[in-house]
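What follows is a single structure, written as structure tokens, with notes after it.
The first residue in the sequence is number 1, and the count goes up from there.
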Amino acid sequence: MRFAHLAFALIAASIAGGSQGADSLPSELDRVDRRAELIGWEAVGRLDIAGGTTCTGALIEQDIVLTAAHCVIDDAGRKIDADKIIFRAGLRNGEFIAASKGRAVAYAAGFTQEPDGQISPDNIARDVALIQLDKPVARALILPFPIHRVRTSRGELMVASYGRGRNATLSVQRACNVLDKYRSGVMTFDCDITYGSSGSPVLAYDGGRLAVVSVVSALRQEGGKKIGLGMDILDIIPVLRREIALGSPQLPPKPVVTRRISVGAAKSDTKIGARTVGGAKFLSSN
């Protein structure tokens with residue numbers, strides 16, 4: 001199972017508006033054990049990756065799965081071959097609605113995995129990938145999630161994931177909250193996530209329908225509580241879609257100029273060390 005685990009304090013200035021308090025207490029995780037409970041969540045699935053690691057992904061088109069970039073890169077920093085990745089949509093206790101190997105993989109420009117196993121927190125903002133499936137899923141079976149039209153949802157969020165210890169069946173948290181607005185492209189939320197949740201869709205209602213706001217990238221501890229980290233995906237997704245369609249990397253849009261998130265000190269570019277425990281790839285403070 002892959003997961004970026006960050007145990008650090010973010011030291012950066014918020015964009016205009018500052019931090020947001022939670023609108024409500026986060027709800028408990030609901031384990032989707034019965035087929036009827038899966039209705040509306042069929043587009044979420046587990047990614048099984050060569051080598052025994054897993055992540056979560058979500059269909060945003062009949063043949064396109066959205067996930068985290070670190071899920072599709074090996075420990076040496078190389079892109080994993082698409083046919084070494086299997087997506088199982090609506091997986092529930094060994095049964096699934098549809099499954100397919102990958103055909104192509106694209107991840108955000110600038111996301112890197114350094115040779116010494118270290119990674120900058122700035123990569124969270126680029127921790128986005130698309131996987132094109134070899135076999136598109138019939139629309140009669142699964143309706144993909146759209147991308148949310150607003151960068152920051154001010155209402156409640158939802159997260160659906162296949163986390164460690166529960167990755168045979170989907171778990172859904174139906175109420176959690178944005179804690180902070182984007183900082184250098186990063187958002188924080190109080191959703192219940194763990195290893196294997198990497199790539200999980202963070203959703204909010206958009207015009208009466210659930211849409212993807214962000215992707216689970218990392219986790220940090222704050223005051224004994226788990227804080228999830230995701231990113232602004234609105235500009236990244238069109239670029240990756242073009243890359244998949246054209247078969248070559250595309251130039252990313254110009255980044256918004258904001259203060260850089262650093263780790264440990266406001267003026268440094270401290271790195272976060274990567275390590276692997278029980279097949280779960282994650283980041284921890286040095």
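Between D235 and P238, the shortest heavy-atom contact is O-CD, 3.4 Å. Across H148 and A204, no two heavy atoms sit closer than the pair CD2-O, 3.5 Å. Across all non-hydrogen atoms, the minimal contact from A104 to A82 is N-CB, 3.4 Å. The minimum heavy-atom distance between S198 and C71, with the atom names listed, is CB-SG, 3.8 Å. Taking all atoms of both residues into account, the shortest heavy-atom contact from R126 to A109 is CD-O, 3.3 Å. For the pair A129 and L240, the tightest heavy-atom approach, listed with the atom from each and the gap, is CA-CD1, 4.1 Å.
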For side chain to side chain contact (heavy atoms under 4.5 Å, CB included), just list the numbers for V159 and L203, CA-CA rounded to whole Å, side-chain angles, deciding distance to a tenth of an Å, and then say yes or no.
-> CA-CA 6 Å; V159 173; L203 305 119; over 6 Å; no
Run the numbers on L179 and I227 for side chain to side chain contact (heavy atoms under 4.5 Å, CB included), then give the verdict.
-> CA-CA 9 Å; L179 298 178; I227 304 297; 3.5 Å; yes
Under the side chain to side chain donor-acceptor pair (under 3.5 Å) rule, what do S100 and D134 come out as? Steps first, then yes or no, please.
-> CA-CA 6 Å; S100 176; D134 189 51; 5.2 Å; no
Evaluation steps, salt bridge (Lys or Arg N to Asp or Glu O under 4.0 Å), between R92 and E95 = CA-CA 5 Å; R92 181 181 60 86; E95 299 180 352; 3.4 Å; yes
May I have the step-by-step check of side chain to side chain donor-acceptor pair (under 3.5 Å) for T169 and N93, ending in yes or no?
-> CA-CA 6 Å; T169 298; N93 297 323; 2.6 Å; yes
Decide yes or no on side chain to side chain contact (heavy atoms under 4.5 Å, CB included) for D48 and F87, but give the supporting numbers first.
-> CA-CA 6 Å; D48 293 330; F87 177 68; over 6 Å; no
Working for side chain to side chain contact (heavy atoms under 4.5 Å, CB included), residues V172 and L170 = CA-CA 7 Å; V172 176; L170 184 68; 4.0 Å; yes
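The shortest side-chain heavy-atom distance between I49 and V72 does not fall under the 4.5 Å cut-off. Contact annotation: the side chain of M231 never approaches that of V186 to less than 4.5 Å [non-hydrogen atoms, C-beta and beyond]. Considering only heavy atoms from C-beta on, F145 comes within 4.5 Å of W41 through its side chain. Residues T188 and V178 have side chains not in contact (no heavy-atom distance under 4.5 Å, counting atoms from C-beta outward). At least one side-chain heavy atom of L229 sits less than 4.5 Å from a side-chain heavy atom of R220. Using a 4.5 Å cut-off on side-chain heavy atoms (C-beta onward), V65 and I60 make no contact. Counting heavy atoms from C-beta outward, Q132 and L130 have side chains that stay 4.5 Å or more apart. The closest side-chain heavy-atom distance from V215 to L66 is below 4.5 Å.
If you take CZ on F111 and CD1 on I73, they are separated by 5.0 Å, rounding to the nearest 0.5 Å. With rounding to the nearest 0.5 angstrom, the CZ atom of F189 is 15.0 Å from the CD atom of E156. Interatomic distance, R103 CZ to D81 CG, rounded to the nearest 0.5 Å: 15.0 Å. A distance of 8.0 Å separates OG of S197 from CG of D192, quoted to the nearest 0.5 Å. We find the OH-CD1 distance between Y107 and I131 to be 13.0 Å, quoted to the nearest 0.5 Å. One finds the NZ atom of K135 at 14.0 Å from the CG atom of D63 (value rounded to the nearest 0.5 Å).
The backbone N or O of D232 lies less than 3.5 Å from no partner atom in the side chain of S214, so there is not a single donor-acceptor pair. R46 places a side-chain N or O within 3.5 Å of a backbone atom of N167 that can act as its donor or acceptor partner. Without hydrogens or angle criteria, D190 side chain to N177 main chain gives a donor-acceptor distance under 3.5 Å. At distances below 3.5 Å, at least one donor-acceptor pair connects side-chain atoms of D206 with backbone N or O atoms of R149. Checked by atom type and distance alone, the side chain of K226 pairs as donor or acceptor with a backbone atom of I193 at under 3.5 Å.
In summary, K101 and D83 do not engage in a salt bridge, as defined by a charged side-chain N under 4.0 Å from a carboxylate O. Of the charged side-chain nitrogens involved, none lies within less than 4.0 Å of a carboxylate oxygen, so that R241 and E243 do not count as a salt-bridged pair.
Each of D127, T67, V202, T56 was evaluated against V216; a single residue qualifies, V202, per the side-chain contact (heavy atoms from CB on, under 4.5 Å) test. For the side-chain contact (heavy atoms from CB on, under 4.5 Å) with R139, the lone residue among L143, I142, V137 that qualifies is L143.
V44 and I86 end up in different hydrophobic clusters when Ile, Leu, Val, Met, Phe, Trp and Tyr side chains are linked at under 4.5 Å.
Annotation: K79, atom NZ; neighbour count of heavy atoms from other residues, nucleotides and ligands within 6.0 Å is above 12.
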